[in-house]
Amino acid sequence: MLLLILSDSHIPDRALDLPSKFKKLLSVPNKIGQVLLLGNSTRSYQFLKFVNEISNNVVIVRGEFDNAMISTTQNLKEEIPMNTIIKQGDFKIGCCNGYTLVPKSDPLALLTLARQLDVDIMLWGGTHSVEAYTLEGKFFINPGSCTGSYSTDWPIQLDSVQGVKKLIGQSGNCKSGGDAVTESAAPNLGSAKRAEDTRHSPVRTEKEDVKPNDRNDSHIKGQKHDESQKETATTEDEDENSENDEEIDEVDVNGGCIPSFCLLDISGDTCTLYIYTYVNDEVKVDKVVYKKD
């Protein structure tokens, strides 16, 4: 059974809609058995309608920008829980948005919640960046923002988990961390290419040396030579600053702006995670396999 994990769409406040290629991939009838919404995704009727067309089995947890109540097909007003637990295969899966954790999205805080809920897999949102790792035998997954909406949190640390670049720790529970998936291996949801580093080298321009005029006296020559040295030094400083600016990509700093979602394929004691990201107008997929102890 396939579980679709979406979070932080922020429609219509921060985004208009899902990327069209995401919508095309997800518009596959009778393929996805259940949809999990991990907060900040209930303000748009059209978005919820699309989610219900994917699967009529939808589980929602509350984010900080969601209303406490929501209308459903079963009830006119139904309270959105802060967290919930579902069971698939041999796994108990916990769901939350993570904004109530202190510190927010802290691994130890998430581990404490996973222990309290007694779950094997912990899903959370709120950071707008994809994360997946194991800690003390438990699997933690954040699908990022399905629309790539901006985050108002402080920038993430550059040595923390970023996108699909640092997916899994060295725990023995996970294998094939961050592997690119072929189209035939992905669950019939489109092409699969490894997410490439989008950073580029700074463009350097070479300035011609300013040569003093031989007809001028030595004072003029020295003045022009000093000005040339200053200009060269300024150019080198600008190039150095430009290089430093280019080394840190905007996506790496704010952890957002990359639309992403996750699929879980659970069979018995094996959970296969597919991470879909939308980069440079292409949908790319990474695959991670987690096996329960």
Side-chain angles (χ1 to χ4, degrees), residues 4-27 35-54 58-68 70 80 82-83 95-101 103-105 110 123-132 140-158 160-165 167 189-190 195 198-199 248-263 274-286:
L4 171 63
I5 312 171
L6 302 173
S7 184
D8 298 288
S9 67
H10 286 283
I11 301 173
D13 304 310
R14 304 182 191 178
L16 296 178
D17 202 353
L18 289 169
S20 58
K21 290 189 176 181
F22 275 7
K23 297 188 76 171
K24 184 177 180 180
L25 287 173
L26 295 174
S27 298
V35 181
L36 310 177
L37 294 181
L38 303 183
N40 300 325
S41 300
T42 62
R43 303 291 293 272
S44 168
Y45 170 79
Q46 293 298 328
F47 176 76
L48 292 177
K49 180 181 178 182
F50 174 73
V51 169
N52 275 273
E53 290 172 354
I54 297 174
V58 181
V59 175
I60 305 175
V61 293
R62 192 191 313 173
E64 65 264 53
F65 297 103
D66 288 320
N67 296 324
I70 188 174
I80 304 176
M82 301 300 295
N83 52 66
C95 308
C96 73
N97 179 259
Y99 78 96
T100 58
L101 297 176
K104 183 178 180 180
S105 297
L110 283 164
L123 310 177
W124 89 103
T127 67
H128 297 218
S129 61
V130 178
E131 298 182 57
F140 296 84
I141 303 169
N142 186 325
S145 169
C146 59
T147 58
S149 63
Y150 67 87
S151 173
T152 56
D153 290 339
W154 286 98
I156 61 174
Q157 296 180 358
L158 294 181
S160 65
V161 182
Q162 300 175 11
V164 294
K165 298 177 185 177
L167 284 173
L189 292 180
T198 57
R199 293 178 289 182
I248 301 177
D249 191 88
E250 181 183 358
V251 169
D252 290 334
V253 173
N254 63 26
C257 303
I258 295 182
S260 59
F261 68 85
C262 292
L263 278 177
Y274 296 93
I275 300 174
Y276 289 74
T277 54
Y278 183 69
V279 181
N280 296 333
D281 201 34
E282 289 185 357
V283 177
K284 304 178 183 180
V285 187
D286 277 65

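Keep in mind that this is a model prediction, so the values were computed, not measured.
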- Query: Is there a donor-acceptor pair closer than 3.5 Å between any side-chain N or O of K21 and the backbone N or O of D281?
  - Reply: yes
- Got a second to check how far H10's NE2 is from L16's CG, nearest 0.5 Å? 14.0 Å
- Message: Test your reading of the model: is there a side-chain donor-acceptor pair from N142 to the backbone of V130, 3.5 Å cut-off?
- Response: no
- Contact check, side chains of V279 and I258, non-hydrogen atoms, under 4.5 Å: yes
- Could you pull out the closest heavy-atom pair between Y99 and G63, with the gap in Å? CE2-C, 3.5 Å
- Exam field: side chain S145 to backbone H128, donor-acceptor pair closer than 3.5 Å: no
- Hey, are the side chains of I11 and R43 touching, using non-hydrogen atoms and a 4.5 Å cut-off? no
- Message: When you measure from the side chain of S149 to the backbone of D8, do you find a donor-acceptor pair of N or O atoms at a distance under 3.5 Å?
- Response: yes
- Task: Measure the shortest side-chain to side-chain distance between T127 and S151 over non-hydrogen atoms and say whether it is less than 4.5 angstrom.
- Result: no
- Could you check whether the rings of Y276 and F261 sit parallel, tilted or perpendicular, using 30° and 60° as the cut-offs? parallel
- L110 side, atom CG; I141 side, atom CD1 - distance, nearest 0.5 Å: 12.0 Å
- Contact summary for C262 and P143, nearest pair of heavy atoms: SG-CA, 3.6 Å
- Would you check if F47 and L37 make a side-chain contact, meaning some heavy-atom pair closer than 4.5 Å? yes
- Task: With the side chain counted from C-beta on, respond yes when T42 and R62 share a heavy-atom pair under 4.5 Å apart, and no when they do not.
- Result: no
- Item | Distance-minimising heavy-atom pair for S9 and C146 | CB-SG, 3.5 Å
- Item | Spacing of CG belonging to L123 relative to CD1 belonging to I5, to within rounding of 0.5 Å | 4.5 Å
- Taking the side chain as C-beta and beyond, is there a heavy-atom pair between S41 and L6 under 4.5 Å? no
- Evaluate the side-chain proximity of F65 to D13: yes if any heavy-atom separation is below 4.5 Å, no if none is. no
- Message: Is the shortest side-chain heavy-atom distance between F50 and D17 below 4.5 Å?
- Response: no
- Query: Is it true that a side-chain atom of T277 and a backbone atom of S260 form a donor plus acceptor pair closer than 3.5 Å?
  - Reply: no
- Query: Can you list the residues that meet the side-chain hydrogen bond (donor to acceptor under 3.5 Å, both in side chains) rule with N97, with sequence neighbours excluded?
  - Reply: none
- Message: Looking at every non-hydrogen atom in both residues, tell me the closest pair between C96 and N83 and how far apart they are.
- Response: CB-CB, 3.9 Å
- Reported CG-to-CG distance for the pair L18 and L26, which is rounded to 0.5 angstrom: 7.0 Å
